[in-house]
Amino acid sequence: MLDICLLGTGGMMPLPYRWLTAMMARCDGSSLLIDCGEGTQIALKEKGWSPKPIDVICFTHYHADHISGLPGLLLTMGNAERTEPLTLIGPRGLERVVGALRTIAPELPYDLEFIELSENREQIKSGPYVIDAYRVNHNVVCYGYSISIPRTGRFDVDRARDAQIPQKFWSRLQKGEIIEDGERILTPDLVLGPARRGLKVTYCTDTRPVPVIAEYAREADLFICEGMYGEEGKEAKAREYRHMTFYEAARLAKEAQPKQMWLTHYSPSLTRPEEFMDKVREIFPQSKAARDGWTLELEFDEE
Ligand SMILES: [Zn+2]
Ligand SMILES: [Zn+2]
């Protein structure tokens with residue numbers, strides 16, 4: 001199972017009842033956080049989800065509303081006696097930016113590992129997660145992320161027999177082990193049918209609506225997308241500051257056909273995002289104006 005919480009829905013600055021946009025995923029005891037603006041750890045506390053099992057933090061970019069909450073969160077994870085290393089992923093400059101922020105959080109009881117993104121598309125595996133980072137279009141280097149939980153195929157007895165795999169290895173191979181049997185290297189694909197549909201959540205904020213977003217969000221279980229502006233006449237402003245309107249987000253969703261889309265990263269001036277949703281749903285019916293703390297529990301399809 002994959003648990004998702006959209007911890008906040010604000011852009012630029014936190015407001016009462018609206019924390020800055022960040023998302024947490026939980027799967028098999030390992031948590032993953034995307035972005036950490038001012039107040040993200042309070043949003044986490046309000047939700048009642050522990051920061052201690054966070055194994056990975058992905059940063060979209062280094063504007064303050066996406067990273068300024070990091071030193072406090074790192075200290076809180078230290079106070080919770082975390083000792084396992086924490087992986088940080090983000091655009092080039094990550095180690096320098098985090099190093100500067102750590103001037104005020106120098107001593108931590110765990111190590112930080114840095115993965116700096118430099119290609120337009122990169123895939124990283126961490127615990128149960130397959131993390132796809134893709135470059136988007138903001139006024140600084142910015143990435144969106146797809147978080148997937150892959151699902152292997154079913155065990156296929158006929159395949160295992162045809163490949164003459166000794167029965168004693170079947171269950172280990174089914175669990176994903178690679179086994180050396182004398183001269184032969186046995187791999188899980190020898191006993192498994194085709195991969196089944198896994199789970200996927202795609203996240204992007206702070207970008208113009210570029211086609212790569214729809215590509216990664218294709219048939220996602222959940223697509224969380226920036227909607228900075230909902231009011232009429234904000235298209236020029238969205239273009240100038242490299243953000244998106246609700247309608248631009250909905251057109252990406254229409255292209256990608258996720259099961260649902262949640263809007264987030266609202267401009268502080270936008271107090272009631274629901275007001276614009278009728279028009280948004282004309283473009284993509286499964287659109288929702290998300291609120292802080294929204295949660296979704298995703299499970300593999302029954303088969
Ligand atoms: Zn932002
Ligand atoms: Zn930004």
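Just follow the structure's listing: the first ligand is 1, and inside any ligand the first atom is 1.
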### Message
Name the residue from I57, L73, D55, V56 that meets the side-chain contact (heavy atoms from CB on, under 4.5 Å) definition with L86.
### Response
I57
### Task
Please determine which of L296, L222, V201 meets the side-chain contact (heavy atoms from CB on, under 4.5 Å) test together with L2.
V201
### Query
List-wise, which protein N, O or S atoms are found short of 2.8 Å from the Zn ion (ligand 2)?
H61 NE2, H63 ND1, H138 NE2, D206 OD2
#### Entry: Aromatic ring pairing H66/H265, orientation class (parallel under 30°, perpendicular over 60°, tilted between)
parallel
### Query
For the residue pair H138 and H63, does the interplanar ring angle fall in the parallel (under 30°), tilted (30 to 60°) or perpendicular (over 60°) class?
perpendicular
#### Entry: the Zn ion (ligand 1) to H265: nearest N/O/S atom name
NE2
### Message
Show every salt bridge (Lys or Arg N to Asp or Glu O under 4.0 Å) that has at least one partner inside residues 236-249, sequence neighbours left out.
### Response
R208-E248
### Stacked cation flag K279 on Y247, 6.0 angstrom / 45 deg
yes
